[in-house]
Amino acid sequence: MSAQTARGMRDFLPEDTRRRNRVATTIQSVFQRYGYEPMETPAVERIETLLGKYGEEGDQLLFKILKRGEGARLGEVDLGLRYDLTVPLARVVAMNAGKLVYPFKRYQMSPVWRADRPQKGRFREFVQCDVDIVGTASLLADAELIAVAHDALTDLGFVNEFRIHLNHRQVLRGIVESAGVAVDREGDVLVSLDKFDKIGVDGVCKELEQRGFESHVVDRLRVLMDATDANPDSGLDIIHEFVQSSPTGKVGLLQLKEMVGVLGAYGFPPGSVIVNPVLARGLSYYTGPVFEATISGFSGSVAGGGRYDNLVGMFSGQSIPATGISLGFERLVVIMEERGMFSDLPCPVGVLVTRMGPEFLYDSIEFAQQLRAIGVSVELIYEDRKLAKQLKHADARSIPVAAIIGPDEKAKGTVILKDLRRGSQHEVPRADAGDQVKRLLSDITGSR
RNA sequence: GUGAGUGUAGCUCAAUAGGUAGAGCACCGGUUUGUGGUACCGGUGGUCGCGGGUUCGAACCCCGUCACUCACCCCA
């Protein structure tokens with residue numbers, strides 16, 4: 001019998017959970033600040049809901065659930081674990097289209113499952129934080145999502161350490177068209193182009209050649225990448241040059257210009273949101289603006305999203321426009337742990353109430369309750385062990401204050417409050433102890 | 001799915017040319033039976049991932065297998 005989690009699955013011990021909760025509440029409060037409401041959907045969806053939404057690769061990565069009974073023996077599948085939160089949302093909207101108030105703004109933070117091979121910042125079970133706006137084609141919605149991501153990353157502590165990239169599916173189509181690529185090979189080009197950040201101009205060109213693209217196509221895209229590389233802040237101008245011959249591309253460009261204008265009004269620091277002509281994004285359901293957030297020093301994205309105006313229609317036949325972004329919760333946690341960004345998390349327990357012996361136990365319990373009644377988090381020692389051991393336990397748990405009641409204190413109706421960080425202690429009447437404890441705890445958190 | 005690396009005590013790691021395992025930290029006890037985080041002394045703890053093979057003898061060599069890590073594919 002091996003005590004081990006399944007591949008790519010993790011336990012979260014209390015310290016992990018404390019950190020994760022900090023990230024979750026920080027992100028949630030941003031979502032709520034913009035008027036999004038929480039929503040939840042089942043972990044399990046019908047398999048046909050999931051299949052065919054994420055491309056061939058995605059279908060391979062779905063965790064599938066065998067039918068019960070006879071079907072299991074035959075290997076029949078009728079259910080699967082959700083692969084993301086966007087497709088379930090589209091399903092919910094299709095199911096409840098008449099009941100919802102539009103624009104429907106919801107967020108969801110839930111685990112999703114992918115049968116991927118784990119690596120850094122990648123797991124088989126991982127939490128996504130999705131915010132979406134359903135029922136409006138307005139680009140204000142897309143811009144707002146960028147603002148939400150911007151605020152979330154900022155509040156988490158990544159001030160000036162991230163960048164949000166913005167592009168448009170129709171711009172990409174325009175670029176690809178004008179480079180002379182057939183529509184059915186657009187996907188291949190975009191997949192390679194998207195690796196620009198990682199493998200550079202030469203890497204992308206090499207890959208394009210390997211995929212069999214003619215040299216005039218590769219050369220054209222090389223010019224695009226060189227221009228982007230040289231002037232990362234001139235994305236709109238570069239796109240302008242590259243979509244002249246494409247009506248579709250021009251539409252996309254106009255929309256990007258509009259968004260850039262709107263984003264200007266949000267007042268973000270220069271360079272934190274940029275138009276990136278080579279940002280592609282893999283998922284096939286995007287139809288308009290696409291966005292992605294990166295953090296300096298981390299390869300890969302920490303957020304991604306875009307407009308998907310046709311996804312709801314796949315379920316109901318009734319097309320409803322929608323746009324959304326997903327924050328990569330796990331990657332953010334990984335990066336924040338690496339960079340020591342949780343060092344300010346306080347110990348959840350404020351006071352350890354020690355005990356001196358059987359005859360003083362009830363005093364300790366009464367005192368613990370006295371503190372709990374005023375909202376202090378208190379832990380009581382269960383075993384009758386020597387005081388040194390009890391204080392050691394407080395250390396192990398980083399509890400900042402110990403309360404000691406022995407024969408002397410019992411006789412006088414006092415308690416010793418010991419500040420374990422400083423090593424100082426003083427004896428106070430038990431009636432005043434609540435205020436003293438609160439003062440001590442606020443001193444300790446304030447002085448950090 | 002592909003490739004590379006690593007699996008020895010709870011954790012981080014040692015073990016000299018194959019001779020049946022050791023340190024630090026942690027834990028427990030003591031120096032201090034009312035005071036932790038510093039010091040000193042002692043102690044518990046290991047089927048060397050698992051299975052086979054070579055050998056008088058394997059943690060070490062060979063084969064297989066599993067797990068983890070990293071990278072690719074793809075993605076958060």
Side-chain angles (χ1 to χ4, degrees), chain A residues 1-10 13 23 27 54-62 83-86 109-130 149 152-153 187-188 190-192 194-195 198-199 203 207 280-284 291-295 298-305 324-335 352 354-357 360 364 381 384-410 415-427:
Chain A
M1 196 65 126
S2 106
Q4 197 165 31
T5 53
R7 162 179 296 185
M9 309 285 175
R10 295 162 299 158
L13 298 181
V23 174
I27 291 173
Y54 311 106
E56 236 176 89
E57 195 89 24
D59 285 353
Q60 298 295 316
L61 297 178
L62 281 175
Y83 179 92
D84 72 356
L85 302 176
T86 307
M109 300 185 44
S110 310
V112 303
W113 293 268
R114 297 181 189 177
D116 235 348
R117 194 116 162 212
Q119 62 187 63
K120 185 171 183 179
R122 162 182 294 184
F123 311 95
R124 288 185 151 191
E125 175 180 60
F126 63 99
V127 169
Q128 285 196 321
C129 314
D130 277 36
L153 292 171
D188 288 347
L190 295 188
V191 167
S192 296
D194 200 38
K195 294 181 196 168
K198 216 175 208 172
I199 61 179
E207 198 171 304
R281 308 265 322 135
L283 290 179
S284 44
F291 10 92
E292 191 165 287
T294 55
I295 287 180
F298 181 83
S299 112
S301 63
V302 295
I325 191 166
S326 175
L327 298 180
F329 184 87
E330 311 295 346
R331 290 183 179 178
L332 292 168
V333 171
V334 165
I335 297 168
L352 181 78
T354 64
R355 45 177 295 198
M356 296 301 304
F360 313 105
S364 288
I381 292 286
D384 194 5
R385 310 177 71 194
K386 53 200 286 189
L387 189 58
K389 297 294 167 196
Q390 301 186 32
L391 293 175
K392 207 165 178 176
H393 174 76
D395 260 346
R397 290 209 55 193
S398 321
I399 299 173
V401 175
I404 303 167
I405 300 175
D408 302 346
E409 294 77 23
K410 183 179 168 78
V415 56
I416 290 176
L417 298 177
K418 175 156 185 159
D419 179 339
L420 292 167
R421 305 268 163 101
R422 296 200 185 88
S424 59
Q425 67 179 48
H426 52 281
E427 188 174 346

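Computed from a predicted model, the values in this text were never measured in an experiment. All chains are named by letter (A, B, ...) in the order of the sequence lines, taking the proteins before the strands, and each is independently numbered beginning at 1.
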J.: Go through B/G36, B/C74, B/A67 for me and flag the one nearest to the A/R7 side chain.
T.: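 Among the listed nucleotides, the one closest to the side chain of A/R7 is B/A67.
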
J.: Could you tell me if the side chain of A/D194 sits less than 4.5 Å from the side chain of A/R281, heavy atoms only?
T.: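 No - every pair of side-chain heavy atoms lies 4.5 Å or more apart.
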
J.: Can you tell me the distance, in whole Å, between the OH atom of A/Y83 and the P atom of B/C75?
T.: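 So the two atoms are 7 Å apart, to the nearest Å.
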
J.: What do you reckon, do A/F329 and the base of B/A76 stack, with centroid distance below 5.5 Å and planes below 30°?
T.: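 Aromatic stack with B/A76 absent for A/F329.
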
J.: What integer distance in Å separates A/K410:NZ from B/G34:P?
T.: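 From A/K410 NZ to B/G34 P: 17 Å.
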
J.: Please work out if A/A303 contacts a base, only the sugar-phosphate, or nothing of the nucleic acid, heavy-atom cut-off 4.0 Å.
T.: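 It contacts sugar-phosphate atoms only.
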
J.: Hey, does the side chain of A/R281 come within less than 4.0 Å of B/A76's phosphate (OP1/OP2), counting only N and O?
T.: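 For A/R281, the contact criterion (side-chain N or O under 4.0 Å from OP1 or OP2 of B/A76) is met.
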
J.: Please measure how far the C1' atom in B/U35 lies from the corresponding atom in B/C25, and state the result in whole Å.
T.: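 Going atom to atom, C1' in each nucleotide, I get 24 Å.
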
J.: Nearest-Å distance, CD (A/E292) to P (B/C74)?
T.: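 One finds 13 Å between P of B/C74 and CD of A/E292, rounded.
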
J.: Can you check the distance between B/A59 and B/A21, where both ends of the measurement are the P atom (answer in whole Å)?
T.: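 That atom pair is separated by 8 Å.
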
J.: For A/E57, does its backbone N or O pair with a side-chain atom of A/Q60 as donor and acceptor, under 3.5 Å?
T.: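 Between the backbone of A/E57 and the side chain of A/Q60 there is no qualifying donor-acceptor contact (under 3.5 Å).
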
J.: So A/E409, base contact, sugar-phosphate only, or nothing? Heavy-atom distance under 4.0 Å.
T.: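 Contact class for A/E409: base.
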
J.: Looking at every strand, decide which applies to A/R122 at a 4.0 Å heavy-atom threshold: base, sugar-phosphate, or nothing.
T.: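 The answer is base, as A/R122 lies within the cut-off (heavy atoms under 4.0 Å) of a base atom.
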
J.: So which atom in A/T294 and which in A/S301 form the shortest heavy-atom distance, rounded to 0.1 Å?
T.: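 Smallest heavy-atom distance, with atoms named: CG2-CA, 4.4 Å.
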
J.: What are the two closest non-hydrogen atoms of A/E125 and A/R10, and how far apart are they?
T.: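 Looking at all heavy atoms of both residues, the closest pair is O-NH2, 3.6 Å.
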
J.: Would you mind reporting whether A/L352 and A/L391 have side-chain heavy atoms less than 4.5 Å apart?
T.: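 Contact flag for A/L391/A/L352 side chains = no.
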
J.: Just call it for A/Q425: base, sugar-phosphate, or nothing, with non-hydrogen atoms closer than 4.0 Å on any strand.
T.: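 Here A/Q425 touches the bases of the nucleic acid.
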
J.: I'd like to know if the side chain of A/E330 and the backbone of A/V127 have a donor-acceptor N/O pair within less than 3.5 Å.
T.: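 Yes: the side chain of A/E330 pairs with the backbone of A/V127.
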
J.: Could you tell me how far B/U20 sits from B/C60 if I compare only their C1' atoms? Round to whole Å.
T.: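 Per the computed distance, 13 Å lies between those C1' atoms.
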
J.: Find the distance A/D395:CG to B/C27:P and express it as a whole number of Å.
T.: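 These atoms are roughly 10 Å apart.
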
J.: For A/V127 and for A/K195, locate the closest nucleotide of RNA chain B by heavy-atom distance; then report the residue assigned to the nucleotide nearer the 5' terminus.
T.: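 It is A/K195, whose closest nucleotide lies nearer the 5' terminus.
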
J.: To the nearest Å, how far apart are A/L417 CG and B/G34 P?
T.: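 Rounded to the whole Å, the gap is 20 Å.
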
J.: Taking the P atom in each of B/G34 and B/G43, what is the distance between them to the nearest angstrom?
T.: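 That atom pair is separated by 27 Å.
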
J.: Check the distance between B/C68's C1' and A/R124's CZ and give it to me in whole angstrom.
T.: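 It is 13 Å, rounded to the nearest whole Å.
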
J.: Assign A/G58 to base, sugar-phosphate, or nothing according to its heavy-atom contacts below 4.0 angstrom with the strands shown.
T.: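 If one applies the 4.0 Å heavy-atom cut-off, A/G58 turns out to touch nothing in the nucleic acid.
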
J.: Could you work out the separation of B/C73 and B/U12 based on their C1' atoms and round it to a whole Å?
T.: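 Per the computed distance, 34 Å lies between those C1' atoms.
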
J.: Are any protein N/O atoms closer than 3.5 Å to N/O atoms in nucleotides 69-71 of chain B? If there are, list each pair with its distance.
T.:
| unit_1 | atom_1 | unit_2 | atom_2 | d |
| --- | --- | --- | --- | --- |
| B/C70 | OP2 | A/K120 | N | 3.2 |
| B/A71 | OP2 | A/K120 | N | 3.4 |

J.: Under 4.0 Å, heavy atoms only, any strand: does A/I404 hit a base, just the sugar-phosphate, or nothing?
T.: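 Here A/I404 touches the bases of the nucleic acid.
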
J.: On a whole-Å scale, what distance lies between the C1' atoms belonging to B/U33 and B/A26?
T.: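 That atom pair is separated by 25 Å.
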
J.: For the residue pair A/G406 and A/M356, what are the closest heavy atoms and their distance?
T.: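 In this case the closest contact between A/G406 and A/M356 is CA-CG, 3.2 Å.
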
J.: Between B/C27, B/G29, B/A76, spot the one nearest the side chain of A/R385, thanks.
T.: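 Side chain of A/R385 sits closest to B/G29.
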
J.: Once pairs are restricted to Watson-Crick or G-U wobble with both distances under 3.5 Å, how does RNA chain B read as a dot-bracket string, [ ] for crossings and | for other-strand pairs?
T.: (((((((..((((........)))).(((((.......))))).....(((((.......))))))))))))....

J.: Between B/G29, B/C74, B/U35, which one does the side chain of A/K418 approach most closely?
T.: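 So the nucleotide nearest the side chain must be B/U35.
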
J.: What's the CG-P distance between A/D408 and B/U35, to the nearest Å?
T.: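 Atom CG in A/D408 sits about 13 Å away from atom P in B/U35.
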
J.: Looking across every strand, which nucleic acid part, if any, lies under 4.0 Å from A/K389 by heavy atom: base, sugar-phosphate, or nothing?
T.: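 Sugar-phosphate contact only.
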
J.: Which part of the nucleic acid does A/A394 contact within heavy-atom distance under 4.0 Å: base, sugar-phosphate only, or nothing?
T.: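 If one applies the 4.0 Å heavy-atom cut-off, A/A394 turns out to touch nothing in the nucleic acid.
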
J.: With rounding to the closest Å, how many angstrom separate the C1' atoms on B/A14 and B/A76?
T.: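 39 Å, rounded to whole Å.
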
J.: Any sub-3.5 Å donor-acceptor pair from A/Q390's side-chain atoms to A/R385's backbone N or O?
T.: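 At least one qualifying donor-acceptor pair exists.
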
J.: Is it the case that B/U33 (base atoms only) and A/K386 (side chain only) share a donor and an acceptor within less than 3.5 Å, ignoring hydrogens and angles?
T.: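 Flag unset: no donor-acceptor pair detected.
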
J.: Is the charged tip of A/R331 near the ring of A/F298: under 6.0 Å from the six-membered ring centre and within 45° of its axis?
T.: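 Verdict for A/F298: no cation-pi partner in A/R331.
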
J.: Take the protein atom CZ of A/R10 and the nucleotide atom C1' of B/A76, then report the distance between them rounded to whole Å.
T.: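 Rounding to the nearest Å, CZ of A/R10 and C1' of B/A76 are 11 Å apart.
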
J.: Toward the 5' end of RNA chain B, which comes first, A/A396 or A/S424, by nearest nucleotide?
T.: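 Checking each residue's closest nucleotide, the 5'-ward one belongs to A/A396.
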
J.: Between B/G30 and B/G19, how many Å separate the two P atoms, rounded to a whole number?
T.: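 Result for the P pair: 41 Å, nearest Å.
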
J.: Inspect the surroundings of NZ in A/K195 and state if more than 12 heavy atoms from other residues, nucleotides or ligands are less than 6.0 Å away.
T.: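 Result for NZ/A/K195: enclosed.
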
J.: So what does A/I416 hit on the nucleic acid, given a heavy-atom distance under 4.0 Å: a base, only sugar-phosphate, or nothing?
T.: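 Base contact.
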
J.: Please enumerate all residues that pass salt bridge (Lys or Arg N to Asp or Glu O under 4.0 Å) together with A/K392, with sequence neighbours excluded.
T.: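 Testing A/K392 for salt bridge (Lys or Arg N to Asp or Glu O under 4.0 Å), a comparison that skips the adjacent residues, returns none.
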
J.: Do any N or O atoms from the side chain of A/S364 and from the backbone of A/T354 form a donor-acceptor pair under 3.5 angstrom?
T.: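 Flag set: sc A/S364 to bb A/T354 pair under 3.5 Å.
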
